[in-house]
Structure formats: C-alpha cells, structure tokens
2 protein chains.
Amino acid sequence: MLDDRSRQVLFAVIQCYIDSPGPVGSRVVTKRFSFGLSPATIRNIMSDLEEMGFLRQPHTSAGRVPTDLGYRYYVDAIKEDRQTVNRDLILELGRQLEMMRRDINSFLDEAARMLSSLSHYIGITMSPNTSTATLSRVELIRYRGNRLAVILFTDEGLIQNKIISVDPDISASNLRRVAEYINEEFAGLTLDEIRQRVIDEMTRERVLCDRLISEAMKICSGIFYAAPGNLYISGISEMLSLPDFCDIRRIKELLKTMEDRHLIVKLLDKLSISSGTQVFIGSENPLDEMKGFSLVASTYKEGNRPIGAIGIIGPTRMNYLQAISIVDMTANYITEILSYR
Amino acid sequence: MLDDRSRQVLFAVIQCYIDSPGPVGSRVVTKRFSFGLSPATIRNIMSDLEEMGFLRQPHTSAGRVPTDLGYRYYVDAIKEDRQTVNRDLILELGRQLEMMRRDINSFLDEAARMLSSLSHYIGITMSPNTSTATLSRVELIRYRGNRLAVILFTDEGLIQNKIISVDPDISASNLRRVAEYINEEFAGLTLDEIRQRVIDEMTRERVLCDRLISEAMKICSGIFYAAPGNLYISGISEMLSLPDFCDIRRIKELLKTMEDRHLIVKLLDKLSISSGTQVFIGSENPLDEMKGFSLVASTYKEGNRPIGAIGIIGPTRMNYLQAISIVDMTANYITEILSYR
DNA sequence: TTTTAGCACTCTCCATTGTAGAGTGCTAAT
DNA sequence: ATTAGCACTCTACAATGGAGAGTGCTAAAA
C-alpha cells in the first residue's frame, strides 16, 4: 500500500511533528534525515501522501501535518519494535512503584502521578471495578444501636465497607445467622451477579415470608450496589506546558472532560473488558468530548481477568512509542504487584 | 478612619469590579450609583482612596482597581449583613444536599460540586480529619492466611479499614485478645494520641517483652498512621470561563496548585482548628502558591469540635458576599446532616 | 523515467503605525 | 467644597507592509 520510501517520509514527518508542533516542511525533513533526496522530491512524496490521506496542509503553502489516519498507520507499524524503548524509564518506573505497595489506593494514586511524570501527559488510573469482583466473605458489625457496618471481602483482596441502618431490635444471634446465610449463598459470585440474585429473591421471598431471609435480603439490597471505581488523574498542569495548549478554549474543553469523572470511569470500564494495550487516536476516541485527544490505555489483571484500567491522555501529536511503552509496563507492574499481595 | 462618602465610593468601585473586571473609572461610578456627585469629585475621592492604599491604578490614566486591603475593608464591613443573600440559593442548596445523605464520600463530592456550581468558583471539601477522630472500637479480621483487616470505628461515625500483614502463626484467640487489649487501652483517645502512646509503649515494651502486648503494638504501629483526608475539588473548568483567566500562565499556576492535593489538605487541616468562616484575600493567602487568589473557608463539626473543612477558591475579584454565604450555609448543612446519622 | 533547480506565488507572523476611546490630573470658575 | 473644561496619557484595535518559510509547477539534468 505504501512503498518503502513514502513510509520513511511519513514517519519522518511524524517524528518532526512530535518533537515540535507546527507544520513540517520539506526542507526540514531533508535536513534532519539524510535520505539523499532534495526538498523538491520530498515535496512530491508529501503531496502523494496528502492525497492518500496520511498528511494534511493546514493552509496552502504551509508545511504538512499528520492526520489521524497517518498516526494510525504509524502506531500500527511501530507496535512491534516497542521494546527498544529507553531502559532508564523502565527502571525508574519499577523503583517508584515498589515503594507504594502498602495500600492500593495510594498506590494507584502514585501510579497515576508516575504515568504523567514519565510521559508529560495526563496519567489516569482506576481502582478495581467492584461490580465484577467476586465476594469472598461478609462481616456484619453492629454499632451505635441501629447502625450496621458491612465489611465485604473479595477475592481480589479489595475490601469495602458500607454503613447501613437496620432495625434496632434485630438480635446479635440473628445478625450472625444473616451473615452466615449471605456467605453460604453468595460467596464466589460477583457483586453484579449477587445484586441480580437479590432482586430475583426479593420478588420470590414476598411469598415465602421467612423473617430471617427477608431481613437478610433487605440488608443485601443496601449493600450490593455498584460503587464506581476511584479515579486518579494526574499531570493536567504539566500537559498544559505543551505548546499544543496555547488556546484557552482547548484547555477548557480538556478540563471539562477531566472533571466529569463519571464519564471517564464509564470509558475505562468499557475498555476493561478487552485486555492488551489499546490506542485511540483523535477522532477514533470513544468519547465525543475527547476527540482531538489521544488515549493510550491498558488493563491490569487478577489472574487472567482484567479488573481495572489505566491510561495516558495526550494531544493527538503524542509520542506514541513512548506512551505505549509506559502504559504497557505500568499495567504489567500493577498486575504483578497485585498478585503478590 | 474612612468617612461615609469615601466608603460608599470604595464599595461602589468594588461592586463594579466584581461585576466585570477591568479598571473602573469615575464616570462609570457616577452613572451606576446616583451619589449626586460629578465624575470630577469622584476622581478626587478615588485619588484619596488610592493614597490610603484601598485602590490602585494599573497604569496612569486607567480606572482604579481595588487592592487586597480594599477588599479586606469591604469584607469586614459586609460580614454583618450577610443574611440578606438570595433565598433561592439557600433552598437550592438544601435540596441538593438532602439527596446525598447516604455515604459521606459521595456526599462530600456532591457538596464540592454544589459549592462550585452555586458560586462559579472552585469548590473544595475535605473528608473528616482522621488524626483527630476518637477511637470507638477496633475489629480485627483475619483473611487469606497472613492478612489482617483492621476496622476502626470512631465516635465521629467514620469507619476506616486498613490491611496489614501479620505473622500467620498467631492464633485466633490471641488475635481476639489483641483486639480486646487495644480497645481497653485506647478507646476514647484520638488517633493522634494513640499513635504517640504506641511509640512510647514500644520503647518501653522492649524491656517487658510480653509476647501478646508486643504483638499488639506491632499491629498498632501499622494501623494508626494518619491517613490524609480525601479531597474533593470541583469547578475548575467553570472558573476558567471567567474573564480573569485569559492568561495561560495564570491557569497553569492555578492548576498546579490544585493538583498538589497534599498542599491543600495541609492548608485546610490548619484551618480546621479554628471555627467560623474565614476569608483570605490575595496576598493574605496562607499558601504562597495561591497568593493572587482568594479563599473563603469554613469548618463542619461533630458536636462542637471542627472535624473537617470546606471552601471556595476564586479570583481576588470575588463576589465575597455571595461566597461567604454559600460556604457558611454549606458548612452548617454538613454539620447538621452528620449529626443525624 | 526520475530527480532536481529555479521561480513565482501564498500564507503566516511580527513589528509598526495611526486612531478612537476612556480616563486622569490640573486649573479656574462657581 | 464642588464642578466644568481642557490637555495629556495610556490601551485596544485595526490596518499596513515586509520578512520568512513553504509550496507547486515547469523545464532542465541525470
């Protein structure tokens, strides 16, 4: 589809554009890369590339700029040789993450900060999705009369606590039996499945009318709602240092999207389904509000099941090679560290 | 210190400046407010006010702009008649907050969003400071062999869970005795006090060498570290719509400060000590990085003790009257709602 | 046939200029 | 003590024009 020389020119243009924004002209390309061709020839090739949709001229007689399609071609092509990336980066990454094993939340917070400081783009991490976590055990602890603290243990090692109010007359032994019932009935199921089961049971239970079970169901319905994953975002201010953001409207647009955490959670949730590192370039971006930016995302896993997502958001003019490496490595590290816990 | 007429002119200038930025001239003042004075007279008064440090000229032959000192005078003066504020605001506020009683975290998140949407500035809320919470009870729950889930109940109704690893050989009965020991020894103390006690005990305990107590202390030292308060920030993008932020450097400065959550937590922590609504204007701001912005902050309480802080951050040219009302009301609502739980 | 040199043309960027508008300070008159 | 009038100052904005960079095309060279 693209002969060798054209590809080289395309990559050269992309390389130049990544290093500094602003249209790149034919003379610049001949200077930085020694193809042994004159600017005029390069111009012809670039003209061809434009016709094919890989490059674009912001206006007549300006240099060329890669299109989303151009980037896509580039990203697909470099996916193989990504391991050639900077070793220092990998070391730095490992060193920083090692320090934060203790607590998953501050760990993910730190991971987001790291993603951004390494890439100079925005780093995002999300805590494990609770709705697909599998229940390991429930503890019910009474306090302050009518309050009940519910502690959920999951196989993923994720603990959640929720507080609900209960009938103050319920006896301690009944409470214990409720806990036992829940554990027997639901252990091993995902929270999503449990929620579904509870709904099913509740319609049926109205007929059976067992005091204990109905009490248990009442408690369950207050517990097993899906808590949205915590989101850690870092590096917004750093990214604004890039020359890409000289326009205030662009900044506002970006910040508005970043503030709507709900939106991002939903996006990452969707990505969590498939595994492996994914790249969305500009208009390919699943979020309408984020067309104009690129997203490099990956997932971390428990065993073989993806349980959370991380990513980097940057301008379309992104150093994809580096970003992909960073996201990839970080995801692997998180997976690994979770498995040690 | 300031005669009545001068004060009126000062307030008029501030009012104009709040409504739209840009130096305000003498003619504008005479037009909006009917003092029955000519622009020339106003000019003379403004000139006096400038000499006294309440106003400032960005450059010769521009209008005047209030200084931090001018705002300070204004804020001190209006503190009394703050209840005259918009009733609709208060209603809207109550309605939104009512919906979020369930969970303190999403509640505070929502509160931050509300602060910002009502004021059009940045809204900030912080979850209760854990280090001054008083311990009510501890539960230790073993899981996955060498893991221990520690559940801290506090008088404030705040539950925290932490996971630590322990010697897998420790028996269940010993674990129970450790929990009992901690509860007897430490219930009623603040987490800060407990941490101090633990440190004291540990140096002494080396001599005594009681297996059980030393085990308890080891666990305690892993539990009672101060977890920084969760911070909820909202409305950054909304604030950027203000004409004050036409300059990119200013935006970057602001975002950088906002991203350093640690810094803000420390600031609000400090404010939590004293109660009542506080106003910091521009250079008065305790944070060097935030001189140039104003902060209106208040605390919410458990009983009479302040346990957390909320606030609004905006440009020095802020609608202080409104901001103070909003912060004040919100703090009171939070206090009230916490007391019902 | 492919590559290159040359040249006219186009577009952006930047500094300069000029003008309108807003506002002040001062002085003299009320 | 207040006000009208006037000269002066500063900003914002639009218009202008040249420098620089880059292209497209054509004709010559390899």
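Just so we're on the same page: letters track the sequence lines, and every chain starts at 1. Only this structure's heavy atoms are used, side chains among them; waters, hydrogens and symmetry mates stay out.
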Undergrad: Just wondering, more than 12 heavy atoms not from A:Arg250 lying within 6.0 Å of its CZ?
TA: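 Atom CZ in A:Arg250 is packed in, count exceeds 12.
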
Undergrad: Kindly say if A:Arg64 contacts the phosphate of D:dG24, meaning a side-chain N or O under 4.0 Å from OP1 or OP2.
TA: yes

Undergrad: Looking at A:Lys291, I'd like to know if its NZ atom is crowded, meaning that more than 12 non-hydrogen atoms belonging to other residues, nucleotides or ligands lie closer than 6.0 Å.
TA: yes

Undergrad: Just to confirm, is there a sub-4.0 Å distance from OP1 or OP2 of D:dT2 to any side-chain nitrogen or oxygen of B:Thr41?
TA: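 Answer no for this pair, as no side-chain N or O of B:Thr41 is under 4.0 Å from OP1 or OP2.
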
Undergrad: Scan B:Arg64, B:Lys31, B:Arg32 and name whichever one has a side-chain contact (heavy atoms from CB on, under 4.5 Å) with B:Cys16.
TA: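 Result for side-chain contact (heavy atoms from CB on, under 4.5 Å) with B:Cys16: B:Arg32.
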
Undergrad: Considering just the side-chain nitrogens and oxygens of B:Ser38, establish if one lies under 4.0 Å of OP1 or OP2 belonging to D:dT3.
TA: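 Yes, B:Ser38 has a side-chain N/O under 4.0 Å of OP1/OP2 on D:dT3.
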
Undergrad: Describe the nucleic acid contact of A:Gly36 in one word from base, sugar-phosphate, nothing, applying a heavy-atom distance below 4.0 Å.
TA: sugar-phosphate

Undergrad: Between C:dG25 atom C1' and B:Met46 atom CE, what is the distance in whole Å?
TA: 13 Å

Undergrad: B:Gln57 CD to C:dT24 P: how many Å, rounded?
TA: 7 Å

Undergrad: Can you see if the side chain of B:Ser61 gets near the phosphate of D:dC8 - specifically, an N or O under 4.0 Å from OP1 or OP2?
TA: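 For D:dC8, neither OP1 nor OP2 has a side-chain N or O of B:Ser61 closer than 4.0 Å.
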
Undergrad: Can you tell me if B:Arg27 touches the phosphate of D:dT3, counting only side-chain N or O atoms and a distance under 4.0 Å to OP1 or OP2?
TA: no

Undergrad: For A:Arg43 and D:dA21, is the shortest distance between a side-chain N/O and OP1 or OP2 below 4.0 Å?
TA: no

Undergrad: Starting at atom CG of A:Asn44, determine the distance to atom C1' of D:dG24, rounded to an integer number of angstrom.
TA: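 From A:Asn44 CG to D:dG24 C1': 9 Å.
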
Undergrad: So what does A:Val28 touch, heavy atoms closer than 4.0 Å: a base, only the sugar-phosphate, or nothing?
TA: sugar-phosphate

Undergrad: Under 4.0 Å: is that the gap between some side-chain N or O of A:Ser26 and OP1 or OP2 of D:dT23?
TA: yes

Undergrad: OP1, OP2 of D:dC10 versus side-chain N and O of B:Thr60: anything below 4.0 Å?
TA: yes

Undergrad: So, B:Ser237 versus A:Glu259: side-chain donor-acceptor pair below 3.5 Å or not?
TA: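 Yes, side-chain donor-acceptor contact under 3.5 Å.
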
